[in-house]
There are 2 protein chains.
Amino acid sequence: MSRPIRTRRQATLASLAAELGVSRTTVSNAYNRPDQLSPELRRRVLETARQLGYPGPDPVARSLRTRKAGAVGLLLTENLSYAFRDPVALGVLEGIALACEDSGTGLQLLPAGPGNEDVSTVHKAGVDGFIVYSVPDDDPHLSGVLQRPVPTVIIDQPLIDGVDRVGPDDAAAMTAMANHVVELGHRSIGILCMRLSQDRNDGPASMLRQHQAHYHTQRTRLDALATTFGNVGVEWSTVPVIERFDHTVADGATAAAELLDANPEVTALICTSDILALGALEEAHRRGLRVPADLTITGFDGIADAQRAGLTTVHQPVQDKGHAAGSLLLNPIRKTSTVPGSTQVITLDTELKIGTTSAQPRTTEQHWFGP
Amino acid sequence: MSRPIRTRRQATLASLAAELGVSRTTVSNAYNRPDQLSPELRRRVLETARQLGYPGPDPVARSLRTRKAGAVGLLLTENLSYAFRDPVALGVLEGIALACEDSGTGLQLLPAGPGNEDVSTVHKAGVDGFIVYSVPDDDPHLSGVLQRPVPTVIIDQPLIDGVDRVGPDDAAAMTAMANHVVELGHRSIGILCMRLSQDRNDGPASMLRQHQAHYHTQRTRLDALATTFGNVGVEWSTVPVIERFDHTVADGATAAAELLDANPEVTALICTSDILALGALEEAHRRGLRVPADLTITGFDGIADAQRAGLTTVHQPVQDKGHAAGSLLLNPIRKTSTVPGSTQVITLDTELKIGTTSAQPRTTEQHWFGP
DNA sequence: AACTGCTTCTGAACCGTTACGGTTCCAGAC
DNA sequence: GTCTGGAACCGTAACGGTTCAGAAGCAGTT
C-alpha cells in the first residue's frame with residue numbers, strides 16, 4: 001500500500017468531466033447520486049478518476065455549495081489539557097462526542113485557551129454550529145461565536161437570551177445541599193469556590209467580587225447558599241468564601257487550609273465542586289480533623305472519585321449533559337417550533353447524595369458560647 | 001447581550017460592498033489586511049457590516065479560496081468513548097490537542113467508530129491534514145484518508161510506505177522487557193494481548209492469527225517476544241497467547257484467569273498493555289497468588305495506575321507521542337526536505353521500568369521436573 | 001515637465017463544487 | 001403514427017470569498 005503519485009496539478013471534477021467528455025453534473029452524480037446515471041458510465045467515471053488521481057469531490061467546495069460542513073465546533077475557554085484531565089469536563093466532552101458520533105458529525109475542538117486572544121479561530125472554523133461549554137460571560141470568543149449565523153448551544157454558562165442552553169438547575173441543587181447542611185445544624189460555615197472571573201484571585205472573594213462574577217454557574221451556587229443560610233439567620237457577609245483559579249485537588253487543599261487557618265470555628269466546608277472538596281478532605285486529614293465528626297465537607301458534581309471517598313455531594317449527569325447539548329444542536333427539532341426565535345432550555349436532574357462526610361456539628365452550642 | 005436579528009437574506013461581502021459603493025476587494029481587505037485601506041474607510045465598512053448583520057467573511061468560502069481549512073482531522077477507529085476513557089489514548093489525544101493549540105489549529109474528531117461503515121465522513125471532512133491513531137491496516141477509513149491529497153501522520157500503526165509516522169520502537173521495547181523476564185529465569189510464560197484484528201476473538205490466538213494480525217503494534221510486540229524467547233530455547237508455539245477484543249481491566253482479569261486455568265505452570269505473565277496487566281494483577285490476588293513471588297506480571301505503556309501499582313512495564317511518553325504527531329503535521333519542516341516524497345519517521349524513547357511485580361520464579365527447576 | 005514613489009482602491013480571474021431546471025432519447029401505450 | 005413517461009444526461013448559475021496586477025490620485029524630486 002503506498003500513496004498515489006500526485007500529478008502536477010490536482011485533477012478536479014471539471015477536468016475529469018472534460019477528460020470523459022461528460023458534464024460536471026454527471027461526474028458529481030457519479031459520486032453523490034449513483035441512481036442518476038447508468039452503472040456503466042459510473043464505472044467509467046470512477047475508473048478514470050482513479051487513473052487521473054482524482055481524490056473525489058473537494059469537501060470544502062462541497063460545503064460551500066451545500067452550506068453544510070458536517071462538523072460542529074466546541075468552544076471551551078480553557079487549556080485543552082484541562083478538558084482532558086478534569087473528570088467533569090471529560091464527561092461532558094464524551095457526551096458531546098457520543099451525540100456527534102450518533103449523527104455522523106465531526107467534532108472540532110477550537111483552540112481558545114486563556115493565552116489565546118486571537119478570536120479569528122472562531123471566525124475561521126467551518127462548522128454548522130457551536131457548543132459552548134463553561135465560558136465566562138465576558139469572553140471575546142463567545143461573542144465571536146454568537147455573531148456567526150449558525151445555531152449554538154451553551155452548556156452550563158453563561159445564560160444568554162435567545163441561545164439554547166443545557167445545564168442543571170444550579171440554584172435548586174445548591175439549595176438542597178444548603179438545606180441539608182442547615183438541617184444538620186451547622187451555622188458556622190465556610191465556602192470553597194472555583195474561579196469567579198478571568199482575573200486570577202486565589203484567596204478570599206469579596207461580596208463585590210461574588211456579585212460581579214463572570215462565571216454564572218459559580219455565582220448562582222453562591223447565591224443559593226447565601227439565600228438559604230440567610231433564611232436561618234446566617235449573615236452572608238460573615239461567611240468566608242475562598243476562591244481558587246485553578247481547579248485541582250491540590251488547590252482545594254490549600255484553599256481549605258487558608259480558610260481553616262483564618263476561621264477555625266467553622267464546622268462545615270461547602271465546596272462548589274468535588275475536586276475542591278477532595279482537596280479539603282485531604283487537608284482535613286492532614287490536620288487530624290475527623291470528617292464528619294469534627295468537620296463536615298460537601299462537594300458538587302458527583303464524580304467517580306467523590307463517590308469512592310463517600311463525599312456528600314450533588315450528583316449531576318455530566319455525560320447526559322454533553323449528549324443533550326449535542327442532540328439539541330444536531331437534531332433539528334427546532335424546525336417544529338413555530339416561533340423562529342424560540343429558545344430551548346434543557347434542565348438536567350440533579351440528585352443530592354448524602355455520603356459519609358456530613359454530620360451534625362460536634363457541639364452545636366460551641367458557636368454560642370465561643371472561646 | 002442577545003443575538004443579532006437575522007435579516008431576510010444573510011448579507012454577504014458582495015452585498016456589503018454594494019451598499020457601501022466600494023469594491024469587494026476593499027471589504028475583504030477591511031477584515032484581512034487593515035493596512036491596505038484608510039482607517040476611516042475601514043471604520044465605515046465595519047460599522048455598516050454591523051448594521052447589516054454581516055457576520056464577517058464566510059469561513060468555508062475563504063477556505064475554498066485559500067486552500068486552508070485551519071483544522072486537522074483525527075481518525076481513530078474506535079468508539080469515541082474509548083478515546084476518552086483509556087489513559088493511553090487520552091494522553092495521546094491531549095498531546096495532539098496541545099500541538100494544535102500551539103499553532104491555533106482546530107482539531108476535528110472524525111466519527112469513525114466500529115459500527116460506522118460510512119467512509120463518507122472522511123471524504124467530507126474539510127481539513128488540512130490527518131492524524132491517524134491506532135488503526136488496523138485494513139481499515140476502510142484509512143484508505144479514504146490516504147486518498148485525500150493532504151498530509152497525514154500515523155501514530156503507532158499501521159506502517160505505510162510514504163506516510164509519516166510517530167511511535168516507539170515497539171520491537172526494541174518489548175525485546176528489552178523479554179530480556180528482563182528471561183534474565184530473571186522465566187521459561188514458562190504466558191501472554192495477554194490486545195485485539196489483533198477487527199473480528200472479535202476473546203481467547204487463545206493461534207500462530208496463524210498472530211501472523212495475520214491487522215494491528216501492527218500488537219504483532220510487532222508478539223514477534224519481539226517470540227524471537228527473544230526463541231533464542232533461549234522456548235518454542236513459541238507452546239506459549240499460550242490470550243487475546244481480548246476490549247481493552248479494560250476487567251478483560252485483563254478474565255484473560256489472566258483463562259490463561260492460568262489452562263496453564264497453571266506459567267511463572268510469568270507478559271501483557272502487551274498496562275490495562276491488561278492490572279487486570280491480571282487483580283486476578284492473581286483473587287487466586288491468592290503472590291506477585292511477584294508466585295507470579296511475575298509485566299505490562300506495557302507506563303500509565304499512572306501502573307506506576308501506582310508498582311507494575312514492571314515499559315514506559316512510553318504518550319503525550320509526547322501525540323504532540324510529536326501534531327507538530328510533524330502542522331510545522332511544515334517537510335518543505336525543507338528536497339525530496340518531495342520523503343517520509344519522516346519519529347521514534348520515541350521508551351524506558352523499561354522495573355517495578356515490584358517481577359522477580360525470579362519460585363523454583364526455576366519446577367518446569368523441568370513438572371508434572 | 002517628466003519621473004518616481006506611495007497610498008488607496010478597483011476589476012476580473014479564480015477556488016471546485018452542487019442545485020436547478022431543463023433537454024434528449026427511447027420503449028411502450030393507444 | 002402520435003403521445004407519454006421515465007431514465008439519462010447537460011448547461012447555467014450560483015456558493016462567498018481572495019488575490020494579483022494595475023489604475024488613479026497626489027506629493028515630492030530632479
Side-chain angles (χ1 to χ4, degrees), chain A residues 7 9-45 48-49 52-70 120 123-128 147-150, chain B residues 7 9-45 48-49 52-70 120 123-128 147-150:
Chain A
T7 43
R9 186 99 165 56
Q10 264 304 324
T12 70
L13 188 142
S15 69
L16 180 53
E19 176 75 21
L20 282 158
V22 302
S23 78
R24 302 207 297 271
T25 303
T26 300
V27 176
S28 176
N29 284 336
Y31 284 95
N32 305 315
R33 304 178 174 179
D35 58 314
Q36 294 293 304
L37 73 172
S38 65
E40 161 58 14
L41 178 55
R42 181 170 135 91
R43 199 196 51 71
R44 265 181 61 217
V45 171
T48 309
L52 263 58
Y54 175 64
D58 181 285
V60 175
R62 165 185 281 153
S63 288
L64 174 60
R65 185 65 243 235
T66 60
R67 317 265 25 164
K68 290 249 158 293
S120 75
H123 289 134
K124 286 181 181 161
V127 295
D128 299 323
Q147 273 165 22
R148 294 277 302 271
V150 295
Chain B
T7 42
R9 187 96 167 60
Q10 264 304 319
T12 70
L13 187 141
S15 69
L16 179 52
E19 177 75 20
L20 284 158
V22 301
S23 76
R24 303 210 305 280
T25 303
T26 299
V27 177
S28 177
N29 283 337
Y31 284 95
N32 304 315
R33 304 177 174 182
D35 58 313
Q36 293 293 304
L37 72 172
S38 65
E40 160 57 15
L41 179 55
R42 182 171 133 90
R43 199 197 52 69
R44 264 182 60 218
V45 170
T48 309
L52 264 56
Y54 176 63
D58 182 285
V60 175
R62 165 183 282 154
S63 288
L64 174 60
R65 181 67 239 231
T66 61
R67 317 265 35 175
K68 290 248 160 292
S120 74
H123 289 133
K124 286 181 183 162
V127 294
D128 299 323
Q147 274 166 20
R148 292 278 299 270
V150 295

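Chain identifiers are assigned alphabetically (A, B, ...) following the order of the sequence lines, protein sequences preceding nucleic acid strands; residue numbering begins at 1 within each chain.
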Which nucleotide in the list dT17(C), dG17(D), dC9(D) gets nearest to the side chain of L37(A)?
-> dC9(D)

Would you kindly say whether S28(A) and T25(A) are connected by a side-chain donor-acceptor distance under 3.5 Å?
-> no

Which whole-number value in Å describes the distance from D58(B) CG to dC15(C) P?
-> 19 Å

Nucleotide N/O to protein N/O under 3.5 Å, stretch nucleotides 21-26 of chain D:
none

Under 4.0 Å between a side-chain N or O of T66(A) and OP1 or OP2 of dT18(C)?
-> no

Do D58(B) and R67(A) touch side chain to side chain, with heavy atoms closer than 4.5 Å?
-> yes

Tell me which of N29(B) and A61(B) sits closer to the 5' end of DNA chain D, going by the nucleotide each one is nearest to.
-> A61(B)

Nearest of dG17(D), dC20(D), dT10(C) to any side-chain atom of T12(B)?
-> dG17(D)

Separation of dA7(D) C1' from D35(A) CG (nearest whole Å) = 10 Å

Among the candidates dA13(D), dC9(D), dG16(D), find the nucleotide nearest to the side-chain atoms of R24(A).
-> dA13(D)

Picking from dT19(D), dT18(D), dC9(D), which would you name as closest to the side chain of S38(A)?
-> dC9(D)

With side chains defined as the heavy atoms from C-beta onward, is the minimum distance between K68(B) and K124(A) less than 4.5 Å?
-> no

What distance separates E19(B) CD from R44(B) CZ, expressed to the nearest 0.5 Å?
-> 10.5 Å

Using whole Å, report how far CG of L20(B) lies from P of dT8(C).
-> 17 Å

Among dT17(C), dT18(D), dG11(D), which is the nearest nucleotide to the side chain of S23(A)?
-> dG11(D)

Among dT12(D), dG16(D), dT10(C), the nucleotide that comes nearest once only the side chain of T26(B) is considered = dT10(C)

Are any non-hydrogen side-chain atoms of V60(A) and S63(A) less than 4.5 angstrom apart?
-> no

Among the nucleotides dT19(D), dT8(C), dA19(C), whichever has the atom closest to the side chain of Q36(B) is dT8(C)

Using a heavy-atom cut-off of under 4.0 Å over every strand shown, decide if Y31(B) touches base, sugar-phosphate, or nothing.
-> nothing

Polar side-chain atom of T66(B) near backbone of R62(B) as donor-acceptor pair, under 3.5 Å | yes

Look at the side chain of S23(B) and the backbone N and O of T26(B), then say whether any donor-acceptor pair between them is shorter than 3.5 Å.
-> yes

Sugar-phosphate, base or nothing in reach of R42(A), heavy atoms under 4.0 Å | nothing

Atom NE2 of H123(B) to atom P of dT18(C): distance rounded to whole Å?
-> 13 Å

Please check if the side chain of S120(A) supplies one atom and the backbone of H123(A) the other of a donor-acceptor pair under 3.5 Å.
-> no

Give a yes or no on whether a donor-acceptor pair under 3.5 Å exists between the nucleobase atoms of dG16(D), that is its base, and the side chain of R62(B).
-> no

To the nearest 0.5 Å, what is the distance between OG1 (T48(A)) and CZ (R43(A))?
-> 8.5 Å

Rounded to the Å, how far apart are L13(B) CG and dT18(D) P?
-> 6 Å

d(NZ, K68(B); C1', dT19(D)) in whole Å = 15 Å

Expressed in angstrom and rounded to an integer, what is the separation of E40(B) atom CD from dT7(C) atom C1'?
-> 16 Å

Scan L64(A) against the nucleic acid and name what it touches under 4.0 Å (heavy atoms): base, sugar-phosphate only, or nothing.
-> base

Does the dT18(D) base have a donor-acceptor partner in the side chain of R65(B) within less than 3.5 Å?
-> yes

Roughly how many Å is it from CG in N32(B) to P in dC20(D), rounded to a whole number?
-> 13 Å

Can you tell which of dG17(D), dC9(C), dC10(D) lies closest to the side chain of V22(A)?
-> dC10(D)

Distance check: side-chain N/O of R33(B) vs OP1/OP2 of dT19(D), anything under 4.0 Å?
-> yes

